[in-house]
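First up is the structure itself, then whatever we jot down about it.
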Amino acid sequence: MNPAALTEDLVVALFGGKAAQLAAAKRAGLPVPAGVALPYGFVDAAAADERDARQQLAAVFHALDAPLVARSSAVGEDSEQASFAGQHLTQLNLRSESEFVDAVCAIWRSARSPSALAYRERLGLPREPRMAVLVQELVEADTAGVLFSRNPVNGSDELVVEAAWGLGESVVAGLVIPDRFRLSRDGAVVERIAGLKDLAIRIDPQGGTSRTHVPEGLARVLCLDDAQLAALHALALRCDEVFGGSHDLEWAFAGGRLYLLQRRALTAMPSAAIETPA
């Protein structure tokens, strides 16, 4: 099912907030990787091992260019009231049909973990999750990270970028001290702080990901140049036009090209890049 062909409210109700955000971004011409959204009812059927659903999952796998990434997109996730950061799974570098099917089912189960259910209860959400799944072609990132269109710590009107070598999971999971950049609203870079990026998460040719050592010299070198920061600033401005409000973006550069991986409304929480995984 193609969420881009549906109304926004119906997209959110069937595919969850994460898919809805990226569908809107895709319609607006933002650099979103190719993918397919699986509605929660279909994911329920796949998790129940219904034959037709499993066959359709196989067709989805073969319609995209592997390796793939499968991300949770539960109804109610990534809203201004409930980010579910760290509660639901993301499965990277899916290279076979069986890996892909297993990943979709694992994401469905993650919505029913004790911690995820407790989080739902704290927010007063219905106990039974509706877990949709977003499937995309995996971007083999050279550098990646997060961008906040407002300072998430003090709320000041500036852009904050955190970045590291390799896949962005090293940033969002707090595995490294990322480079940190502050940009004014007009794009001027007002602060650059080199982090300690001594490991990078890379795609493993055998499947999944691996943590690789980054040489000490490179670990302390800024991983974004002025042109890349300008591209990120332009992306944030386009998100202003498309979505309004403030943004928490996940992005990646691969082969010199910028990709938008996720967009969520920026909540009042402290920096997710430091404190919570995606």
Side-chain angles (χ1 to χ4, degrees), residues 17-18 20-22 24-25 28-32 77-86 139 141-197 200 219-254 256-278:
K18 191 172 293 178
Q21 299 282 308
L22 288 183
L30 295 176
V32 177
E77 183 178 5
D78 282 3
S79 67
E80 293 187 13
Q81 294 75 35
S83 73
F84 280 88
V139 175
D142 301 313
T143 57
V146 295
L147 181 155
F148 304 103
S149 67
R150 183 174 291 275
N151 191 308
V153 176
N154 59 27
S156 60
D157 188 19
E158 62 183 4
L159 277 61
V160 177
V161 176
E162 295 177 352
W165 304 112
L167 302 181
E169 277 62 28
S170 65
V171 177
V172 299
L175 301 177
V176 298
I177 301 172
D179 295 341
R180 189 172 188 268
F181 306 84
R182 291 170 46 233
L183 285 69
S184 65
R185 295 302 300 179
D186 64 4
V189 182
V190 298
E191 183 178 57
R192 311 168 198 261
I193 301 176
L196 177 58
K197 309 169 297 299
R220 298 182 184 273
V221 171
L222 291 171
C223 65
L224 295 178
D225 60 24
D226 285 349
Q228 290 170 314
L229 290 170
L232 287 167
H233 175 255
L235 177 62
L237 293 184
R238 284 289 291 127
C239 287
D240 287 347
E241 296 172 0
V242 174
F243 298 103
S246 299
H247 326 293
D248 173 353
L249 309 179
E250 294 185 25
W251 53 267
F253 281 102
R257 182 178 177 185
L258 173 61
Y259 293 88
L260 174 61
L261 305 182
Q262 292 191 52
R263 186 270 170 189
R264 60 174 68 89
L266 180 59
T267 68
M269 298 290 288
S271 172
I274 297 173
E275 298 191 1
T276 56

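Only this structure's heavy atoms are used, side chains among them; waters, hydrogens and symmetry mates stay out.
When all heavy atoms of Trp165 and Ser170 are compared, the closest pair comes out as O-OG, 4.1 Å. Nearest heavy-atom pair, Asp179 versus Lys197, reported as atom, atom and distance to 0.1 Å: OD1-NZ, 2.7 Å. The two atoms that bring Phe243 and Gln21 nearest to each other are CZ-O, 3.3 Å, heavy atoms only. Smallest separation of non-hydrogen atoms from Trp251 and Glu162: CZ2-O, 3.7 Å. Closest approach of Leu167 and Val139 over heavy atoms only: CD2-O, 3.6 Å. Residue Ala254 comes nearest to Ala141 through the heavy atom pair CB-CA, 4.3 Å, listed as atom of the first residue, atom of the second, then distance.
Residues Asp240 and Arg185 have side chains in contact (heavy-atom distance under 4.5 Å, counting atoms from C-beta outward).
Atom OG of Ser246 is separated from atom CG of Asn151 by 11.0 Å, given to the nearest 0.5 angstrom. Remark: Leu229 CG to Phe181 CZ distance equals 5.0 Å, nearest 0.5 Å. With rounding to the nearest 0.5 angstrom, the CG atom of Leu159 is 8.5 Å from the CG atom of Leu249. A distance of 9.5 Å separates CD in Glu158 from CZ in Arg150, rounded to the nearest 0.5 Å. With rounding to the nearest 0.5 angstrom, the CG atom of Leu237 is 8.5 Å from the NE2 atom of His247. Taken to the nearest 0.5 Å, the CG atom of Asp248 stands 6.5 Å off from the CD atom of Glu250.
Partners of Arg220 under the side chain to side chain donor-acceptor pair (under 3.5 Å) rule, at least two apart in sequence or in another chain, do not exist in this structure. Remark: Asp225 engages no residue in a side chain to side chain donor-acceptor pair (under 3.5 Å) (not counting sequence neighbours).
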One pair to check against side chain to side chain contact (heavy atoms under 4.5 Å, CB included): Glu191 and Arg180. What are the steps and the verdict? CA-CA 8 Å; Glu191 183 178 57; Arg180 189 172 188 268; 3.4 Å; yes
Is there a side chain to side chain contact (heavy atoms under 4.5 Å, CB included) between Leu260 and Arg238 once you walk through the steps? CA-CA 11 Å; Leu260 174 61; Arg238 284 289 291 127; over 6 Å; no
Derivation of the side chain to side chain contact (heavy atoms under 4.5 Å, CB included) call for Arg263 and Leu235: CA-CA 11 Å; Arg263 186 270 170 189; Leu235 177 62; over 6 Å; no
Begin from the C-alpha positions of Leu232 and Leu224 and carry the test side chain to side chain contact (heavy atoms under 4.5 Å, CB included) through to its verdict. CA-CA 10 Å; Leu232 287 167; Leu224 295 178; 3.9 Å; yes
